[in-house]
There are 2 protein chains.
Amino acid sequence: MSRRTTANGTGGTQPAAGGAPEDESGPKGRRSRISTRQKLFHAAVTLIAEQGFSSTTVEEIAERAGVAKGTVYYNFSSKTELFEELLRHGVGLLAADLQQAATETVAAGGTRVDALDRMIRAGLVFIDRYPAFTQLYVAELWRTNRAWNDTLLVVRKQAVAIVEEVLQDGVREGELSEEIDVPLTAAALVGMVLVAALDWKAFQPERSLEDVHAALSLLLQGRVGGGARLR
Amino acid sequence: MSRRTTANGTGGTQPAAGGAPEDESGPKGRRSRISTRQKLFHAAVTLIAEQGFSSTTVEEIAERAGVAKGTVYYNFSSKTELFEELLRHGVGLLAADLQQAATETVAAGGTRVDALDRMIRAGLVFIDRYPAFTQLYVAELWRTNRAWNDTLLVVRKQAVAIVEEVLQDGVREGELSEEIDVPLTAAALVGMVLVAALDWKAFQPERSLEDVHAALSLLLQGRVGGGARLR
DNA sequence: ACGCTTGGACTGACTGGTCAGTTCAAGTAT
DNA sequence: ATACTTGAACTGACCAGTCAGTCCAAGCGT
């Protein structure tokens, strides 16, 4: 009895997602569990993105967060649980951004294609802010036989569903071709943004977000062929 | 001295890439180093795709390949080297397929967009045949601080360059818009195919390759908007 | 304005287990 | 002979998770 390191007392919804370069200026001297968890998220997301889950040790995470190893286990019941909470938290943020972009655009009288374009931008902004999280997500998503598979599935659905919904609406209202396959197209769009953005960050970080967005817009709107619309 | 298990004697270019569901009916009784290496590639690619590199043990690989652990070290100098050769070998196959699709289409008088479409198909066929390899490649590509980072970089360039070349040719000959950003568009196209295909395999494996190809073609050719070309 | 208690947050040495890589004597096919 | 394979034993490093104990702010009685 007595101890129980489950530590779920605070509920959910801490501000920092893990990747946020926010400076630590919480309730100063006071030790708060919440800020410790944030520091751990931040440290973990970076390290796991770099090295993968299995090659990242709990001690490394603790060290980078500036706490002792025991503290990790005081705040999370296991390495896996820390990781799962990280996933849930990060995708929650992304989903909120995407949803907002979609809703705002439609409310302002934009087309569905406009909405998709705005969502692409929102995705890019997110990846720009939390590259490590994105990296880690992509690296883990299609693995099988992993402890957190269920979490990943749920979390993926949460994000993809928003794109699918916009596509669906577009088809229903005749703005998009009835030929399109909603789930596959959604996956392709997400992939387009994900991979282009990761490549941007990894191999040509000097480019601006605008450049990347423009390139993807062109693809989305099918204006790749014919500069002067030849043929 | 004496031993040196570097084992690079055979050169390169073994037939099986790792993921091939080919049945093992080589020169029966004959024990050849080459077929052992193939079995090891096959076993390793599957396991690493499922679990990741670090969580896959050499003994697991040996066991699934049906050989002893010592044999792994007779054929490869280390776990990492086995993995690196796997990467080189797999991407070599993919690059050959892509190149062939592009060359053939252009030779037969197709447009560059046709060529891209054929390359998408070639990509899908490859992923269909070697899903595990693709999975593993995506999972590792954007990691940093890994031993085989250089190998990955080389190998990535090899594949992406082919797509970039076709885009470049298209722009030069006026078939594609001069507005397009070749490297970014190439990355986006690759991502589109990669992610759509992995999603297909992971979440809707009942769909046919044709379905997936059709969905991606639609996107490539910008025929997503307006079924009856409204507006 | 001060000793005493409480309990939440944190610590880090320690344990038990796992795994890459080594070594080698013996086996098998050509 | 030569090339390849086996299997088992061993080493040494590394690591997830544990636990007895420290630290300290806040409450409490005096």
Side-chain angles (χ1 to χ4, degrees), chain A residues 1-11 14 24 26-41 43-44 47-48 51-84 146-148, chain B residues 1-11 14 24 26-40 43-44 47-48 51-84 145-148:
Chain A
M1 46 188 69
S2 69
R3 243 345 191 6
R4 326 240 69 234
T5 52
T6 323
N8 237 7
T10 48
Q14 285 81 27
E24 171 60 32
K28 241 202 66 202
R30 206 57 165 80
R31 269 131 143 219
S32 96
R33 196 158 187 170
I34 296 181
S35 84
T36 301
R37 287 169 68 99
Q38 284 175 0
K39 282 189 287 183
L40 286 171
F41 275 160
L47 286 166
I48 297 178
Q51 308 176 328
F53 177 83
S54 322
S55 340
T56 301
T57 70
V58 173
E59 206 155 306
E60 271 179 308
I61 296 174
E63 194 182 0
R64 187 170 297 191
V67 302
K69 188 178 178 184
T71 306
V72 176
Y73 287 94
Y74 183 77
N75 283 279
F76 301 93
S77 66
S78 68
K79 186 184 174 189
T80 302
E81 205 221 46
L82 162 57
F83 185 57
E84 286 188 282
R146 305 228 89 174
W148 51 83
Chain B
M1 263 233 180
S2 67
R3 246 332 196 20
R4 323 243 70 233
T5 52
T6 323
N8 236 9
T10 48
Q14 286 80 27
E24 172 59 35
K28 239 201 67 203
R30 196 80 152 63
R31 263 126 149 228
S32 87
R33 192 162 188 166
I34 295 181
S35 85
T36 301
R37 287 168 68 98
Q38 283 175 0
K39 281 189 287 183
L40 285 171
L47 285 166
I48 296 178
Q51 308 176 331
F53 178 83
S54 320
S55 343
T56 301
T57 69
V58 172
E59 209 157 301
E60 270 179 307
I61 296 174
E63 193 183 1
R64 185 169 297 191
V67 303
K69 187 180 175 183
T71 305
V72 175
Y73 286 96
Y74 184 77
N75 283 279
F76 301 94
S77 66
S78 68
K79 187 185 173 187
T80 302
E81 203 221 44
L82 162 57
F83 185 58
E84 285 188 281
N145 295 352
R146 305 227 89 174
W148 50 83

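Here is the naming used below: chain letters follow the sequence lines, and residue numbers restart at 1 for every chain.
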CD on A:E63 to CG on A:L47, rounded to 0.5 Å: 9.5 Å

Could you tell me how far apart A:R37 (CZ) and C:dG8 (C1') are, to the nearest whole angstrom? 15 Å

How far does CZ of A:F41 sit from CD1 of A:I61, to the nearest 0.5 angstrom? 11.0 Å

Expressed in angstrom and rounded to an integer, what is the separation of A:E63 atom CD from D:dA16 atom P? 13 Å

Rounded to whole angstrom units, what separation is found between the CD atom of A:Q51 and the C1' atom of D:dC14? 14 Å

If you take atom types as modelled and just measure distance, does the side chain of B:K69 reach the base of D:dA8 with a donor-acceptor pair under 3.5 Å? no

Identify the two heavy atoms, one from A:Q51 and one from A:T56, that lie closest to each other, and give their separation to 0.1 Å. OE1-OG1, 3.2 Å

Using OP1 and OP2 only, check whether a side-chain N or O of B:T71 sits under 4.0 Å from D:dT6. yes

OP1 or OP2 of C:dC10 less than 4.0 angstrom from a side-chain nitrogen or oxygen of A:Y74, does that happen here? no

Counting only side-chain nitrogens and oxygens, does A:T36 get under 4.0 Å of the OP1 or OP2 atom of C:dC10? yes

Whole angstrom value for the distance that separates C1' of D:dA16 from CD1 of A:I48: 14 Å

If you look at every strand shown and take non-hydrogen atoms under 4.0 Å, does A:T57 touch a base, only sugar-phosphate, or nothing? sugar-phosphate

Whole angstrom value for the distance that separates C1' of D:dA16 from CZ of A:F76: 16 Å

Quick one: label A:T56 by what it contacts on the DNA or RNA (base, sugar-phosphate, nothing), any heavy atom closer than 4.0 Å. sugar-phosphate

Just so I know, are the side chains of B:R146 and B:S54 near enough to count as touching, which here means a heavy-atom distance under 4.5 Å? yes

What class does the angle between the rings of B:F83 and B:F53 fall in, given that below 30° is parallel, 30 to 60° is tilted and above 60° is perpendicular? tilted

Find the distance B:Y73:OH to D:dA9:P and express it as a whole number of Å. 18 Å

Heavy-atom nearest nucleotide on DNA chain D for A:E60 versus A:G70: which residue maps closer to 5'? A:E60

Distance check needed: D:dA13 P versus B:K79 NZ, whole Å only. 18 Å

A:E59 CD to C:dA13 P, straight-line distance once rounded to whole Å: 9 Å

